[in-house]
Amino acid sequence: MSIVVSELRHTYNEGTPARSEALRGVSVVIERGQWVSIVGHTGSGKSTLAQHLNLLLLPQSGSVSIDGTDVTRDAKNLRGLRRRVGLVFQYPEQQFFAETVRDEIEFAPLNWGVTGRELDECVEMAVRSSGLDPALLGSNPFAISGGQRRRAALASVLSMRPDYLVLDEPTAGLDAAGIRELRQLMASVRDEGMGVVQVTHDLEGALANSDRILVLERGVGVTCGDAESVAEYLLRSPVQGLLMPPLARFIAGLRERGIHLPLTAGVGDVINSLEERLGCEV
Amino acid sequence: MQGVTYSYQGATAPAVTGVDLEVNPGEWLALVGANGSGKSTLAKICNALQIPTQGVCRVMGLDSSDPANTGEIRRNVALVFQNPEDQIVASIVEEDVAFGPENLGLPSGEIQIRVDRALELTGLLEYRGRGSSSLSGGQKQRLALAGALAMSPCALVLDESTSMLDPEGRESFLGCIGELNAQGMTIVQITHRMEEAVRAGRIAVMERGRVVWDGAPELFFGGEYLRWGFEEPLEFALHRELLARGILPGATLPVAEDMLRSLCL
Amino acid sequence: MRSLNNISLGQFIPGDSLIHRLDPRCKIVCTFMLLAGLFMASEPLDFVLWCALPCLFSRLSGTSMTTILKTGRPVVFLVAVTVFINLLWTPGHEILRIGPLRVTWEGITVAVGMGLRLFFLVIFAAMLMMTTSPMDFSAGLERLMSPIGRLGLPTSEMAMMMTIALRFIPTLFEETDRILKAQISRGADFDSGGLIRRARSFVPVLVPLFVLVFLRAENLATAMESRCYSPGAPRTRLHPLRWAARDSVAVICLFSFIAAVVALDRLVLGGVRPFR
């Protein structure tokens, strides 16, 4: 069960002076139960790719298939397919419109005709997995605290019970504690079997948390793999607009000084090998 | 500029309470604290956008509570806010930079000179005739900075100015700030990210409306920041551990390149 | 898929052509003369002459003809309705009859004239907006309105409001597009159901949009204030408006052209006068 994107191309404003190629042949597979990060600079096409996963955009060339169904072949059932892939936009709390948090969370399932007990179950499930304080269900979504607002926004997408969750810059505007909690949440829905896709320009966060990383540069996927192989690739051939995380830069510097460590090694490993080396010298 | 003296005591408003702070000319002060600790209120007080309910705020000796000083203070202390979209007034880059000087009623020749200089300092000279909505996020924020610089201020207050930028935009923005500071500009940088505060010459911590710590970065990054509950970036953890084991000399900053240089390898 | 990306409402296109360099007051005056001319001479045949203007404009400003014509797109529906109504409800010499509907010769003349007039109206206005930066436009308008200002109307504030409104149009389109997409991905359906249902389905778009706009406005006001803006205080300009010889020439040429078209219309074409 997976989303398969192959040779996807997308051009905005075709035939006008503002024509711009956002995607120029991108392929990626997103399995359920996996956390895939799509990283790239501003304008690399990562948001365009995210919108294809949710069928907000349809392939102009190439294909997207969700659990074996090619979306272009099944155009009548777009809404049905769309429900399988929840899309959380950047600053999702800006999309609030309802009077209570509960109404906000019920919006998506109601749109797909879910009612009665099933609806209650959807809400309950969404509240549980988003970590939202259930006492806030009756509150005004505009009046609750920032962290809870972001959770309510997540719950309002999780309530459609998607099989895949795509998040566009989910950590934007959160403080460190908020980011940590959000990552735990994403890991837990992944462990429950959901496919998680995170679109971000934060390479450090992507390297530290995801199972697989796709790096986009000007509409082309330049590398895809686990954190270590992607870090190695980026060290060899830097990609525009992506900065190596400080710790990886430090490890790269150590390599030049004869200490060889994986680029994604933890702080503890680095200290151990440094002590070892310095101990020898003394 | 004789000295930005800033003292603000015992406000009834809960946002900022009894803050005493003095920022010296040419200094780079990082004001760090969690969301809602009163940092932004303090920024607005510096610019006379808000007047202390108690205590006084003096900018170059001018009392901000006197309406006659408001214009002078705003001219000398320029603010750059969080979201560049909310600060850009005009549709054309150079027209936006000119907005401040136009408000001051300067003659057009003088405005032209200031606009040119501000655009040059922020590396936007080639975009002067472009539409402001066609710029990238980082460029927009540098445009907002240029708009502030065109006022020819003595001090810049950056209120979470990099929080909405991507890493590349953040680097280029902070690079600009570093150069300005080297040329003698006073910087007050408000942030909640530790790794952004490393370039500052002095750190002040705000918590629940109070300045609870104020001192040198070496001391702060030596482990002091953990006391105030800040999230520790990985390289900071490494830095702290290496310091504790005596592998790194005390004055090293928690920046990868700095630490590598200081290592005796 | 719904997307607002392709809407162009005659947004300013930065440039350095002759038309771009004309004084905004000149361009505003010219546009008003054109609109007046359109109302005085809108025989279908006159439009052959009016067509010369967009062509000339395209040459002088470096804007492609397609771009100019595209600005008329948002009003195509309005034009169609106008044509349809005039076609069927103008009494006169009947030439075609389908059931209760009658098409008259006069109806065709009126409908075509009305439709073209509306279309040209939009295109002429767009020509002004495409070559005048919002800042210049509002400065020009402010100066032209200054006689009213002496009567106590806040002309400079009104001009500033206009500048900002124009500056925020692209931003607003982006935001609307984003909110629209976000609600579609939560299953919102804007395309089915009756009129009322459809109108109601836009609540989830309009509410967040209003909230955002208010927030934006508040932040912007603070930012403007911090840059020493105070309403009503005298401001100077980066590029002061200068009325050059070319501006006078432009106004005179255009005036002569319009006068010629109107004269031709009155003297030669005469005949049916559908619009009064």
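Proteins come first, then strands; the chains are lettered A, B, ... in the order of their sequence lines, and each starts at number 1.
Only the side chain of A:Glu204 comes within contact range of chain B, with at least one heavy atom under 4.5 Å from a heavy atom of that chain. Of the two parts of B:Leu248, neither the backbone nor the side chain holds a non-hydrogen atom closer than 4.5 Å to a non-hydrogen atom of chain A. For a residue to count as touching a neighbouring chain, one of its non-hydrogen atoms must lie under 4.5 Å from one of that chain's; by this rule B:Glu257 touches chain A with the side chain only.
Of the listed residues (B:Arg245, B:Glu171, B:Glu195, B:Glu241), the greatest number of heavy-atom pairs within a distance under 4.5 Å of chain A belongs to B:Arg245. Contacts with chain B were tallied for A:Val270, A:Thr200, A:Ile271; A:Ile271 has the most, counting heavy-atom pairs under 4.5 Å. Note on A:Leu203, A:Ile251, A:Ile179, A:Leu243: by heavy-atom pairs under 4.5 Å with chain B, the leading option is A:Leu243.
Minimum interatomic distance between B:His192 and A:Leu174 (heavy atoms only, all atoms of both residues): NE2-O, 4.0 Å. Closest heavy-atom contact between A:Pro246 and B:Ala256: O-CB, 3.3 Å. Annotation for B:Leu260 and A:Leu254: closest pair CD2-N, 3.8 Å, computed over non-hydrogen atoms.
Summarising the local packing, CZ of B:Arg210 is surrounded by 12 or fewer heavy atoms from other residues, nucleotides or ligands at distances under 6.0 Å.
Side chains of A:Glu275 and B:Ile247 form a contact here, defined as non-hydrogen atoms less than 4.5 Å apart. Residues A:Arg249 and B:Glu235 form no side-chain contact, since every pair of their non-hydrogen atoms from C-beta on lies 4.5 Å or further apart. Between A:Phe250 and B:Met259, the closest side-chain pair of non-hydrogen atoms falls below 4.5 Å. In this structure, A:Leu274 and B:Leu263 have side chains that are in contact, with non-hydrogen atoms separated by less than 4.5 Å.
Taken from CG in A:Leu278 to CG in B:Leu242, the straight-line distance is 9.0 Å, to the nearest 0.5 Å. With rounding to the nearest 0.5 Å, the separation of CD in B:Glu168 from NE2 in A:His201 is 11.0 Å.
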